[in-house]
Amino acid sequence: MFQKEQQNLANQIRDILQDQDISLPGELEWAPIPFSGEWGIATSFYKTAALEARSGKSVQIPRRAEEIASLVADKLPPWDLFPRVEAVNGYLNCYFDPHLFSARVVKRVLSEEDFGQGDPQGETLMVEYSQPNTHKAFHVGHLRSAILGDAVCRILDFAGYDVIRANYFGDMGLHVIKWLWNYLDRHEGETPPEDATRWMGDLYAEANRRLEDHPELETEIRELYGRWDSQDPEIVALWEKTRQWSVDGFQKLYDELDIHFDRLYANSEVEFQGKELVDNLIEKGIAEDLRPDDAVIVRLDDLLGLKKEKYRVLVVLRSDGTALYATEDLALAKLKFEEYPLDRSIYVVDVRQSLHFQQVWKTLEIAGYEWAERCQHLSYELVNLPGNVVMASREGTVVLLEDLIREAKERAYQVVEEKNPDLSDQQKTEIARAVGLGSIKFPMLDRENTRIVTFDWESALDFNGQAAPYIQYAHVRANSILKKEPEISLEVLEPAYDLDETEVALIETLAQYPAVVQNAARELKPLHITNALYETARAFNAFYRAAPVLTADPAVKAFRLQLVEASRRVLCSGLGLLGIEAPRVM
RNA sequence: GCCCUCGUAGCUCAAUGGACAGAGCACCGGACUUCUAAUCCGACGGUUGCAGGUUCGAUUCCUGCCGAGGGCGCCA
């Protein structure tokens with residue numbers, strides 16, 4: 001957050017080096033000084049020395065880097081912001097004046113409406129995530145896309161991008177037909193109970209079991225699919241009604257998780273457009289129509305003249321003319337760019353569909369849609385059960401989301417009861433929700449997207465250590481101090497006392513928050529937020545232990561209260577970016 | 001066969017190509033008359049899968065191998 005100071009410093013260094021006929025290889029790169037208790041920024045001159053070496057001078061790079069660093073350290077004029085400058089190992093360490101800078105950081109956090117919020121980037125992004133299938137259960141395996149996509153949207157939005165949140169329902173396909181068949185056969189006239197999504201899933205599982213036991217019933221399925229294709233009004237009406245049951249059920253879950261969307265797409269919506277697009281591909285000679293014996297295919301590698309197989313062959317329409325997922329995805333990609341002025345279109349979908357998306361977008365690119373290259377797959381690994389069991393609705397190896405949420409809240413409630421029995425029941429319930437949901441979301445966000453999450457109850461509901469409750473608790477601690485001193489001045493004065501090292505460390509993490517937000521947005525990685533937030537919480541806890549606030553001398557107290565408020569804001573803001581609530585009490 | 005991802009402490013995971021590779025969990029030993037101990041402090045723990053290469057410098061980039069998982073024309 002000291003870009004201006006860095007720039008000034010960099011300019012001075014550039015001048016000094018120019019006088020010596022030394023040229024920089026590019027912009028100087030600054031990083032925080034990595035030693036604990038030390039506070040400032042550092043840059044190194046290895047690249048500068050390496051540039052000299054490459055230009056023909058015979059220099060030993062490490063020694064030369066050291067030389068340059070010392071030279072700069074000697075010539076740099078004294079500056080109140082950086083009272084101490086030293087050259088070590090080819091690095092130039094510029095130490096902040098702790099009083100000046102701490103005041104500046106705290107002042108900035110307190111003066112801004114939303115500290116860390118980025119300037120408008122002038123880029124419009126669509127993020128598609130969650131993508132549940134109607135007429136099926138919603139289980140823990142589906143959760144990562146929803147939680148990851150939601151966090152990415154929150155981060156992008158905060159970082160200054162214009163974000164459109166999209167969902168894409170799988171509301172038609174073989175699974176839906178199976179469900180409708182079983183419903184008509186066994187459950188006609190029934191309406192869903194309170195827990196509609198579970199019931200929808202149960203009926204789907206029942207349909208699968210029946211078909212497995214009696215494969216001959218497949219003919220009935222095909223017959224029913226035919227009635228759908230010919231838009232038999234009775235079937236269409238039933239589909240619309242039952243589909244809504246699922247959609248309403250999903251909405252309840254999304255509300256519970258505080259996950260929301262701006263635009264709901266459905267594959268039934270793009271089925272027809274997809275077929276049209278395929279016709280168009282055939283006309284252009286991009287797709288080969290091999291019907292009725294074979295499907296409609298796009299030979300991507302041949303079209304691109306690739307010798308080694310890379311994109312392979314994409315089937316864009318079944319031989320009987322019915323639509324595939326690919327058919328619909330072609331149309332959906334196009335529809336998104338027609339509806340919105342998108343700079344990028346991001347798909348939060350698991351890694352197994354990686355090739356599929358490469359194929360779809362490459363096909364569109366060949367067809368001349370210039371926006372196709374602005375489609376991006378944010379792939380993530382699956383959520384497994386212990387023993388490397390993949391969740392599958394058909395095999396019954398699932399943990400239902402409803403169950404997970406209920407259990408998480410129950411366990412959190414028990415802990416609140418134990419820690420804080422005097423709270424009202426309503427308060428306990430609210431805390432249990434915040435902590436329970438946080439403990440579900442955090443494990444999906446605090447690791448690389450490309451890593452498999454192994455879900456087990458024990459670790460998901462372990463409220464200790466590097467997890468959401470740790471951060472929430474730090475927030476609670478800040479609040480409990482502020483509760484006792486509700487009137488704090490936002491006029492930040494330079495602290496007129498020797499700062500405790502825990503204060504310096506805490507202020508350091510606060511100062512880095514805006515840069516972390518930008519980095520997380522740029523790389524689409526909520527992991528950067530969880531890391532930074534954990535560091536802030538840890539620094540706050542250390543401060544909390546070492547530096548008394550309420551009992552301190554008035555001048556010390558005044559500044560520390562402001563620091564507590566600044567910390568509280570950053571903790572709350574960061575949790576918000578993850579879609580996790582920051583309770584005031586717990 | 002081709003392609004993708006992963007391999008770091010006993011376990012789960014971090015680390016813009018930079019300074020001694022860091023946390024949590026587990027185990028062991030400490031700290032509540034305090035702004036709430038859902039906390040903190042200490043100890044233990046490493047040939048970053050292996051072998052090369054690029055670089056002043058590699059956990060990070062490249063190549064090969066080993067191991068795990070995943071994908072590859074009418075599922076989504």
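Using a 4.0 Å heavy-atom criterion, one finds that A:Asp422 contacts no nucleic acid atom at all. Base contact: A:Val416 has a heavy atom under 4.0 Å from a base atom. Counting non-hydrogen atoms under 4.0 angstrom, A:Pro62 reaches the backbone sugars and phosphates but no base. Residue-level contact check: A:Asp329 touches neither bases nor backbone, having no heavy atom under 4.0 Å from any strand. Within the nucleic acid shown, A:Gln353 comes within 4.0 Å of at least one base atom, counting heavy atoms only. Residue A:His356 is classed as a base contact, given a heavy-atom separation below 4.0 Å to a base. Residue A:Leu324 is classed as a sugar-phosphate contact, given heavy-atom separations below 4.0 Å to backbone atoms only. A:Lys483 comes within 4.0 angstrom of no nucleic acid atom, judged by non-hydrogen atoms across all strands. At a threshold of 4.0 angstrom between heavy atoms, the contacts of A:Ala474 with the nucleic acid are absent. Within 4.0 Å (heavy atoms only), A:Val59 reaches no atom of the nucleic acid at all. Contacts of A:Val549 with the nucleic acid, taken as non-hydrogen atoms under 4.0 Å apart, include base atoms. In this structure, A:Leu314 reaches neither bases nor backbone, as no heavy-atom distance under 4.0 Å exists between it and the strands shown. Using a 4.0 Å heavy-atom distance criterion, A:Glu29 is classed as a base contact. Across all strands shown, A:Asp294 has heavy atoms under 4.0 Å from base atoms, whether or not it also approaches the sugar-phosphate.
The distance between atom CD of A:Gln472 and atom C1' of B:rA38, rounded to the nearest whole Å, is 10 Å. The separation between A:Arg545 atom CZ and B:rU34 atom C1' is 13 Å, rounded to whole Å. Put simply, CZ on A:Arg447 is 12 Å from P on B:rA15, counting in whole angstrom units. In this structure, CD of A:Glu448 is placed 15 Å from C1' of B:rC4, rounded to the nearest angstrom. Between the P atom of B:rA38 and the OH atom of A:Tyr534 lies a distance of 16 Å, rounded to the nearest Å.
Under the Watson-Crick or G-U wobble criterion, with both distances below 3.5 Å, B:rC13 is paired with B:rG22. Here B:rG42 sits opposite B:rC28 as a Watson-Crick or G-U wobble pair (both hydrogen-bonding atom distances under 3.5 Å). Summarising the base pairing, B:rG1 is matched to B:rC72 through a Watson-Crick or G-U wobble pair whose two defining distances lie under 3.5 Å. Across all strands shown, B:rU63 is found opposite B:rA51 as a Watson-Crick or G-U wobble partner, with both distances under 3.5 Å. Base-pair partner of B:rC35: not found among the strands shown (Watson-Crick or G-U wobble, both distances under 3.5 Å).
With hydrogens and angles ignored, the 3.5 Å screen pairs no side-chain donor or acceptor of A:Arg291 with any backbone N or O of A:Val296. The closest donor-acceptor contact from the side chain of A:Asp553 to the backbone of A:Ala555 lies at 3.5 Å or more, if one exists at all.
Taking the P atom of each, B:rA9 and B:rU48 are spaced 10 Å apart, rounded to whole Å. The C1' atoms of B:rA58 and B:rU47 are separated by 15 Å, rounded to the nearest whole Å. For the P atom pair drawn from B:rG29 and B:rU34, the interatomic distance equals 26 Å after rounding to whole Å. Taking atom P on both B:rC65 and B:rG46, the two are 31 Å apart, rounded to the nearest angstrom. Distance noted for atom C1' between B:rC44 and B:rG22: 16 Å (whole Å). A distance of about 11 Å separates the C1' atoms of B:rG57 and B:rA19, rounded to the whole Å. The separation of B:rG30 from B:rC20, taken at their C1' atoms, amounts to 27 Å, rounded to a whole angstrom. Distance noted for atom C1' between B:rC66 and B:rG49: 7 Å (whole Å).
Within 3.5 Å, a donor on the side chain of A:Ser319 pairs with an acceptor on the base of B:rC74, or the reverse. Put simply, the side chain of A:Arg451 and the base of B:rC6 share no donor and acceptor less than 3.5 Å apart. One cannot find a donor-acceptor pair under 3.5 Å joining the base of B:rA38 and the side-chain atoms of A:Asp462.
Nearest heavy-atom pair across A:Lys557 and A:Ala552 is CB-O, 3.9 Å. The two residues A:Ala478 and A:Arg568 make their nearest non-hydrogen contact at CB-CB, 3.9 Å.
Applying the 90° criterion around 0 to the glycosidic angle, B:rG57 comes out anti. In this structure, B:rC66 shows a glycosidic angle more than 90 degrees from zero, which is the anti conformation.
Each of A:Arg318 and A:Pro548 was assigned the nucleotide of RNA chain B with the nearest heavy atom; the assignment lying further toward the 5' end belongs to A:Pro548. Residue-to-nucleotide proximity on RNA chain B shows that, of A:Lys419 and A:Ala323, the 5′-proximal contact is made by A:Lys419.
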For this session: Just do the side chain to side chain donor-acceptor pair (under 3.5 Å) check on A:Asn541 and A:Tyr473 with the steps written out, would you?
Result: CA-CA 9 Å; A:Asn541 278 325; A:Tyr473 186 62; over 6 Å; no
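For the pair A:Arg477 and A:Tyr544, the cation-pi test (distance below 6.0 Å, angle within 45°) is passed.
Ring centers of A:Phe543 and A:Phe540: under 6.0 Å apart, within the cut-off. Between A:Phe250 and A:Phe169, the ring centre distance stays below 6.0 Å.
For A:Tyr544, no side-chain nitrogen or oxygen approaches OP1 or OP2 of B:rU34 to under 4.0 Å.
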